[in-house]
Amino acid sequence: MTALQAEDCLDYTPNARSVSLARRRTARLVADWGHAELAGDAALLVSELATNALRHGCLRGRLFRVRVVLNAEILRIEVSDPRGERLPNPRLPTDAEQCGRRLLLVGALADRWGTELRTVGKTVWAERALNRHPAHAPGG
């Protein structure tokens with residue numbers, strides 16, 4: 001495994017304002033870590049994963065956690081919540097549905113994503129290569 005270059009981890013209260021705070025914090029950190037070109041995508045990944053955690057994985061009085069990790073090869077974003085029994089379920093929403101596209105966005109922005117069960121809860125993660133070649137970009 002490649003050596004860690006930077007890491008940030010913070011717990012958030014389960015409310016909509018926390019998603020906005022996590023998004024802004026992630027964008028700032030990624031830019032400060034020297035990858036301003038990924039800051040927008042990183043912010044969107046955090047926003048989508050944190051919103052999913054808020055809607056489907058949080059319990060009253062239990063925090064959710066956002067962890068952002070950078071090494072020489074990848075940027076990894078993790079969002080952990082207390083509901084391990086509620087795993088992400090990607091689906092194709094109908095045109096009339098207003099919800100259900102978060103995981104599609106995550107899949108389009110990330111090179112890889114997945115779920116890891118924890119003793120209590122789960123972590124949904126997404127990884128983005130730092131030196132992505134245009135031919136490997138989603139839709140490219």
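For clarity, every value in this text was computed on a predicted model and none was experimentally measured.
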S.K.: Just jot down the side-chain contact (heavy atoms from CB on, under 4.5 Å) partners of Arg65, sequence neighbours excluded, or say none.
M.R.: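 side-chain contact (heavy atoms from CB on, under 4.5 Å) list for Arg65, sorted by chain: Cys9, Asp11, Ser80.
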S.K.: So, for Val66 and Ala22, which heavy atoms are closest and what is the spacing to 0.1 Å?
M.R.: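 Nearest heavy atoms, Val66 then Ala22: CG2-CB, 4.1 Å.
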S.K.: Is there a side-chain contact between Glu78 and Val124 in this structure, where contact means two heavy atoms from C-beta onward sitting under 4.5 Å apart?
M.R.: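 SC-SC contact between Glu78 and Val124 ruled out.
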S.K.: Can you give me the closest heavy-atom contact between Leu130 and Ala72, atom names plus distance?
M.R.: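 Here Leu130 and Ala72 meet closest at CD1-O, 3.6 Å.
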S.K.: Under the 3.5 angstrom rule, does the side chain of Ser47 hit a backbone N or O of Ala43 as a donor-acceptor pair?
M.R.: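 Judged by distance alone, no pair lies under 3.5 Å.
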S.K.: Leu45 versus Val106: any side-chain heavy-atom pair under 4.5 Å?
M.R.: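 A side-chain contact under 4.5 Å exists here.
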S.K.: Taking side-chain contact (heavy atoms from CB on, under 4.5 Å) as the criterion, tell me which of Val46, Leu54, Asn52, Leu49 meets it with Val19.
M.R.: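 It is Leu54; the other options fail the test.
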S.K.: Does Tyr12 reach the side chain of Arg25, with side-chain heavy atoms less than 4.5 Å apart?
M.R.: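 Contact flag for Tyr12/Arg25 side chains = yes.
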S.K.: Identify the two heavy atoms, one from Thr13 and one from Phe64, that lie closest to each other, and give their separation to 0.1 Å.
M.R.: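 Shortest heavy-atom contact: O-CE2, 3.5 Å.
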S.K.: With a 3.5 Å cut-off and sequence neighbours excluded, list the donor-acceptor pairs that the side chains of residues 28-37 form with protein atoms.
M.R.:
from, atom 1, to, atom 2, distance (Å)
His35, ND1, Glu37, OE2, 3.3

S.K.: Do Asp8 and Arg67 touch side chain to side chain, with heavy atoms closer than 4.5 Å?
M.R.: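 No, too far: nothing below the 4.5 Å cut-off.
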S.K.: Looking only at side chains, do Arg55 and Thr51 share a donor and an acceptor under 3.5 Å apart?
M.R.: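 Arg55 vs Thr51: no donor-acceptor pair found between side chains.
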S.K.: Is there side-chain contact between Asp111 and Glu127, with at least one heavy-atom pair below 4.5 Å?
M.R.: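 Result no, sub-4.5 Å side-chain heavy-atom pair not found.
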S.K.: A side-chain contact here means heavy atoms from C-beta on lying under 4.5 Å apart; do Val69 and Leu75 qualify?
M.R.: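 They are not in side-chain contact.
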S.K.: Between CG of Leu38 and CD1 of Ile74, what distance do you get to the nearest 0.5 Å?
M.R.: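 Output value for this atom pair is 12.0 Å.
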S.K.: A side-chain contact here means heavy atoms from C-beta on lying under 4.5 Å apart; do Leu70 and Glu7 qualify?
M.R.: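 Counting from C-beta outward, Leu70 and Glu7 never come under 4.5 Å.
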S.K.: Using modelled atom types and a 3.5 Å cut-off, is there a donor and acceptor pairing between side-chain atoms of Ser18 and backbone atoms of Pro14?
M.R.: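 Side chain of Ser18 to backbone of Pro14, a donor-acceptor pair under 3.5 Å: no, none is there.
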S.K.: Return the CD1 to CG distance between Ile77 and Leu109, rounded to the nearest 0.5 Å.
M.R.: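 Separation between the atoms: 9.0 Å.
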S.K.: State, yes or no, whether a side-chain contact exists between Arg62 and Val120 at a heavy-atom distance under 4.5 Å.
M.R.: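 Arg62 reaches Val120 side chain to side chain.
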S.K.: What is the minimum heavy-atom distance between Ala110 and Ala126, and which atoms define it?
M.R.: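 Answer, listing the atom of Ala110 first, then Ala126: CB-CB, 3.9 Å.
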